[in-house]
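Report on the structure given below.
None of the values given here were measured: they were computed from a predicted structure.
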Amino acid sequence: MTSRVEQAIDLAAADGRAAFVGYLPAGYPDLPTSIEAAVALAENGADVIELGPPYSDPVMDGPVIQEATNIALEAGFRTADLFTLIREVAARTDVPVLVMSYWNLIVQYGVERYAADLAAAGGAGIITPDITPDAAEEWIRASDAHGLDRVFLAAPSSTDERLALVSQNSSGFVYTVSTMGITGERASLDAAAQRLVERLRAAGTKRACVGIGVTTAEHVASIAEYADGAIVGTALVQALRDGGVAGLASKARELSSGTRR
C-alpha cells in the first residue's frame, strides 16, 4: 500500500517534477504563526511538509534553525502543541505532514502514545535523524500499527550494509544527507549526494530525497536531475524570520520553481 508521502512524491514525478519537501520548526515564532506558515508552505509549492519539534540539544541543526527552535522553546512550546499544530494544518491542506524529531522527545512522550497521537492528528510519519533501524524495533512496531511512515537517514559515509538496512526499513522516502555536517547554507552541494542516491537505488530504495545545505532553486534543480525530491529547511526559516508568512510563501514559490525536470 502506497503511503500519502509516497503518493505525493509519485504525483510530482508524474508531473515531471522532483518533490519539494519543506521544513519548518514547530511553534516558531509562536503556535498561531507556525500554523499559518505551514499552510502557506503547502499553498506555495511544497509537496511534503516537515515540522521539527524544538529540542534543547539538537545535533543536526545549524545556527538558523537552532535560533528558531530556541525561540519556540522560550515561547513555551510543548510536545502536546505539536499535535495541535498538525491537526490544524491537516484540516486546511492535503499536503502530508511529517515530523522530524530527535528520538529522546519521542521516548519521553512514549513511543506508542506518540505514534497514536500523531496518527490521530493527521500526521503522516516521522523522520528520525538520530536513531537507526537496528535500534528502532519499538518504533517500527508502533509505526506499522498506526500506518505511519518511517524515514531513516543515509549518509555518504554509510556502508552498503547500512544502506540496505535503511532501504528495507524506510517508508515514504530515505532522507539522503547531501554532505557530512549540520544544516545551513552552502554555496554548492557535495557531489557525494548523487553517488549516495545511486548506492541507495542499488540497495533497493524507491524514493530518495536529498537534504542538508539545499538553499536555492539552483540546488533544487540540480537535485531534481537524479533524486526524487529536495528537502529545504534553513532558507525557509530565514524567509519566515525576515519576511513573515508572506516572505516564506515567496521563498517557497522560488524554490519550487527548481523542481521541474
Give the intermediate values and the outcome of side chain to side chain contact (heavy atoms under 4.5 Å, CB included) for residues L163 and V166.
CA-CA 5 Å; L163 295 185; V166 166; 5.5 Å; no
For a quick test of reading the model, state the closest non-hydrogen atom pair linking [X] to [Y] and the distance between them.
{"X": "V48", "Y": "A8", "result": "CG2-CB, 4.1 Å"}
{"X": "P96", "Y": "A124", "result": "CB-CB, 4.0 Å"}
{"X": "R261", "Y": "A224", "result": "NE-O, 2.9 Å"}
{"X": "I127", "Y": "P129", "result": "O-CD, 3.4 Å"}
{"X": "A68", "Y": "Y28", "result": "O-CD1, 3.4 Å"}
{"X": "A72", "Y": "A26", "result": "CB-O, 3.7 Å"}

Stepwise, does the side chain to side chain contact (heavy atoms under 4.5 Å, CB included) test hold for Y175 with I212?
CA-CA 10 Å; Y175 193 119; I212 308 296; 3.8 Å; yes
Hey, are the side chains of [X] and [Y] touching, using non-hydrogen atoms and a 4.5 Å cut-off?
{"X": "P25", "Y": "V237", "value": "yes"}
{"X": "L105", "Y": "W103", "value": "no"}
{"X": "E6", "Y": "R207", "value": "yes"}
{"X": "N169", "Y": "T132", "value": "no"}
{"X": "L82", "Y": "I86", "value": "yes"}

Heavy-atom donor-acceptor pair, [X] side chain to [Y] backbone, under 3.5 Å:
{"X": "T69", "Y": "I65", "answer": "yes"}
{"X": "R260", "Y": "A221", "answer": "no"}
{"X": "S170", "Y": "S167", "answer": "no"}
{"X": "T93", "Y": "V89", "answer": "no"}
{"X": "S256", "Y": "A252", "answer": "yes"}
{"X": "S34", "Y": "G27", "answer": "yes"}
{"X": "N44", "Y": "A40", "answer": "yes"}

Is it the case that one hydrophobic cluster holds both [X] and [Y], taking links as side-chain heavy atoms less than 4.5 Å apart, direct or via other members?
{"X": "L248", "Y": "L31", "result": "yes"}
{"X": "V97", "Y": "V245", "result": "yes"}
{"X": "Y102", "Y": "L73", "result": "no"}
{"X": "L118", "Y": "V107", "result": "yes"}

Test side chain to side chain contact (heavy atoms under 4.5 Å, CB included) applied to L98 and F173, step by step
CA-CA 11 Å; L98 289 169; F173 59 88; 3.6 Å; yes
Only one of [options] clears side chain to side chain contact (heavy atoms under 4.5 Å, CB included) with [X]; which?
{"X": "V214", "options": "L255, T234, V220, V21", "result": "V220"}
{"X": "F83", "options": "L85, D81, T79", "result": "T79"}
{"X": "W139", "options": "D144, L148, I106", "result": "L148"}

Any salt bridge linking [X] with [Y]? Criterion: basic side-chain nitrogen under 4.0 Å from a carboxylate oxygen.
{"X": "K251", "Y": "E254", "answer": "yes"}
{"X": "R4", "Y": "D149", "answer": "no"}
{"X": "R141", "Y": "E138", "answer": "no"}
{"X": "E43", "Y": "R253", "answer": "no"}
{"X": "K206", "Y": "D228", "answer": "no"}

If you round to the nearest 0.5 Å, how far is [atom2] of [Y] from [atom1] of [X]?
{"X": "T205", "Y": "Q168", "atom1": "OG1", "atom2": "CD", "result": "9.5 Å"}
{"X": "M100", "Y": "I49", "atom1": "CE", "atom2": "CD1", "result": "15.5 Å"}
{"X": "I231", "Y": "H219", "atom1": "CD1", "atom2": "NE2", "result": "14.5 Å"}
{"X": "D10", "Y": "D47", "atom1": "CG", "atom2": "CG", "result": "11.0 Å"}
{"X": "C209", "Y": "E50", "atom1": "SG", "atom2": "CD", "result": "9.0 Å"}
{"X": "R241", "Y": "I71", "atom1": "CZ", "atom2": "CD1", "result": "9.0 Å"}

Just by distance, with hydrogens left out, do R150 and S171 show a side-chain donor and acceptor under 3.5 Å apart?
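R150 vs S171: no donor-acceptor pair found between side chains.
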Between D30 and T33, do the side chains contain a donor N or O and an acceptor N or O under 3.5 Å apart?
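A pair is found: one side chain offers a donor N or O, the other an acceptor, under 3.5 Å apart.
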Begin from the C-alpha positions of R201 and E198 and carry the test salt bridge (charged side-chain N to carboxylate O under 4.0 Å, His left out) through to its verdict.
CA-CA 5 Å; R201 302 270 194 233; E198 292 170 354; over 6 Å; no
Would you find more than 12 non-hydrogen atoms of other residues, nucleotides or ligands less than 6.0 Å from D242 atom CG?
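Correct, the count exceeds 12.
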Quick check on E137: does its CD atom have over 12 non-hydrogen neighbours (other residues, nucleotides or ligands) under 6.0 Å away?
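Open.
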Run V151 and I126 through side chain to side chain contact (heavy atoms under 4.5 Å, CB included) and show every step you take.
CA-CA 6 Å; V151 180; I126 307 177; over 6 Å; no
Return the orientation label for the Y114 and Y109 ring planes: parallel under 30°, perpendicular over 60°, tilted otherwise.
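Aromatic pair Y114/Y109 classed perpendicular.
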Please find out if less than 6.0 Å separates the ring center of Y55 from that of F77.
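Judged by ring-centre distance (under 6.0 Å), Y55 and F77 do not meet the cut-off.
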